[in-house]
Amino acid sequence: MMAGMRQSTDLVERVDRILPQTQCRQCGFDGCRPYAEAMARGEAGTDQCPPGGDAGARALAHVLGVPALPYDRSRGMHRPGMVAVVIEADCIGCTKCIQACPVDAIIGASRLMHVVLEPLCTGCDLCVPACPVDCIVMIESQSDVVPT
């Protein structure tokens with residue numbers, strides 16, 4: 001492998017590790033890795049990730065050696081620690097949420113109630129608009145809640 005390619009791959013890896021891995025596509029790319037690759041090539045700005053918020057945008061700018069900008073709020077709001085929950089009584093088992101989930105965090109079968117596996121859910125919100133009966137809500141992740 002040529003040194004330039006390895007350096008580029010290393011930069012993509014560093015940038016990808018900073019991203020929240022929600023795979024939400026709010027950045028305009030098909031996931032965190034394609035966004036990281038575009039930033040490493042200089043084809044995308046560091047301000048396109050709402051889940052990463054301003055702190056994420058600053059970290060990305062630091063790694064890439066570019067001026068830091070606040071994240072672009074027109075792409076969505078920063079909501080750390082959210083997960084999807086299926087309201088069981090309303091679920092019709094259409095499987096549209098399963099198809100929309102980029103990380104396979106939803107399980108269930110056709111015409112049966114579905115459930116979100118919280119430890120796998122990244123809070124991307126892509127299942128919510130896919131549901132035809134509005135039975136999916138986003139709540140604060142219990143794994144992020146610190147007991148007082």
Side-chain angles (χ1 to χ4, degrees), residues 1-87 91 93-110 113-146:
M1 182 185 291
M2 298 185 328
M5 277 182 74
R6 185 170 49 242
Q7 183 179 13
S8 175
T9 301
D10 290 345
L11 181 59
V12 170
E13 292 297 328
R14 288 179 63 203
V15 170
D16 192 41
R17 280 193 301 265
I18 293 169
L19 293 170
Q21 301 307 313
T22 59
Q23 313 308 332
C24 66
R25 302 179 187 138
Q26 289 176 297
C27 60
F29 293 88
D30 284 336
C32 295
R33 181 67 180 212
Y35 178 40
E37 291 168 351
M39 282 188 285
R41 289 190 307 266
E43 297 172 0
T46 60
D47 62 341
Q48 296 175 215
C49 179
D54 289 332
R58 281 191 303 274
L60 291 167
H62 176 75
V63 167
L64 292 168
V66 297
L69 298 170
Y71 84 92
D72 179 0
R73 273 122 175 106
S74 71
R75 294 181 176 276
M77 295 308 299
H78 175 66
R79 299 179 302 152
M82 302 299 282
V83 293
V85 174
V86 175
I87 301 167
C91 180
C94 70
T95 73
K96 291 183 185 213
C97 58
I98 293 173
Q99 296 167 39
C101 182
V103 295
D104 296 329
I106 304 173
I107 60 172
S110 182
M113 197 270 305
H114 296 87
V115 87
V116 176
L117 302 174
E118 184 177 337
L120 300 180
C121 181
T122 62
C124 72
D125 205 31
L126 293 173
C127 58
V128 174
C131 180
V133 294
D134 295 325
C135 73
I136 302 173
V137 295
M138 300 301 292
I139 64 165
E140 186 173 342
S141 171
Q142 296 304 302
S143 61
D144 287 345
V145 175
V146 179

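Start at 1 with the first residue, then count along the sequence.
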Chemist: When rounded to the nearest 0.5 angstrom, what distance separates CZ in Arg17 from SG in Cys32?
Modeler: 14.0 Å
Chemist: Rounded to the nearest 0.5 Å, what separation is found between the SG atom of Cys127 and the NZ atom of Lys96?
Modeler: 14.0 Å
Chemist: Thr95 and Ala109: which non-hydrogen atoms are nearest, and at how many Å?
Modeler: CG2-C, 4.2 Å
Chemist: Is the shortest heavy-atom distance from the side chain of Met77 to the side chain of Tyr71 under 4.5 Å?
Modeler: yes
Chemist: Evaluate the side chain to side chain contact (heavy atoms under 4.5 Å, CB included) criterion for residues Val86 and Val115: first the C-alpha distance (whole Å), next the side-chain angles of each, then the deciding distance (0.1 Å), finally the verdict.
Modeler: CA-CA 6 Å; Val86 175; Val115 87; 5.8 Å; no
Chemist: Shortest non-hydrogen contact from Arg25 to Pro102?
Modeler: NH2-CB, 4.1 Å
Chemist: Between atom CG of Asp125 and atom CE of Met82, what is the distance when rounded to the nearest 0.5 Å?
Modeler: 8.0 Å
Chemist: If you round to the nearest 0.5 Å, how far is CG of Leu126 from OG1 of Thr22?
Modeler: 8.0 Å
Chemist: Using 0.5 Å steps for rounding, measure from the CD atom of Glu37 to the CD atom of Glu13.
Modeler: 9.0 Å
Chemist: Report the C-alpha separation of Val85 and Glu118 in whole Å, then their side-chain angles, then the decisive distance to 0.1 Å, and conclude whether the side chain to side chain contact (heavy atoms under 4.5 Å, CB included) test is met.
Modeler: CA-CA 8 Å; Val85 174; Glu118 184 177 337; over 6 Å; no
Chemist: Go through His114 and Cys91 one step at a time and tell me if the side chain to side chain contact (heavy atoms under 4.5 Å, CB included) criterion holds.
Modeler: CA-CA 7 Å; His114 296 87; Cys91 180; 3.4 Å; yes
Chemist: Restricting to non-hydrogen atoms, name the atom on Ala84 and the atom on Ile136 that form the minimum distance, rounded to 0.1 Å.
Modeler: CB-CG2, 3.8 Å
Chemist: Excluding sequence neighbours, so at least two apart, what forms side chain to side chain contact (heavy atoms under 4.5 Å, CB included) with Cys49?
Modeler: Leu19, Pro20, Tyr35, Pro51
Chemist: Could I get the full list of salt bridge (charged side-chain N to carboxylate O under 4.0 Å, His left out) partners for Arg75, not counting sequence neighbours?
Modeler: Asp72
Chemist: How close do Gln21 and Asp16 get, counting heavy atoms only, and between which atoms?
Modeler: NE2-O, 2.7 Å
Chemist: Provide the full list of side-chain hydrogen bond (donor to acceptor under 3.5 Å, both in side chains) pairs with a residue in residues 45-57, sequence neighbours left out, each pair given once.
Modeler: Asp54-Arg73
Chemist: Above 12 or not: heavy atoms from other molecules or residues under 6.0 Å from CZ of Arg14?
Modeler: no
Chemist: What I'd like to find out is whether the side chain of Val63 reaches to under 4.5 Å of the side chain of Ile18, using heavy atoms alone.
Modeler: yes
Chemist: For a quick test of reading the model, state the closest non-hydrogen atom pair linking Val103 to Leu120 and the distance between them.
Modeler: CG2-O, 3.5 Å
Chemist: To the nearest 0.5 Å, what is the distance between CD (Glu140) and CZ (Arg79)?
Modeler: 11.5 Å
Chemist: Of the non-hydrogen atoms in Ile98 and Ile107, which two are nearest, and what is the gap between them?
Modeler: CD1-C, 4.1 Å
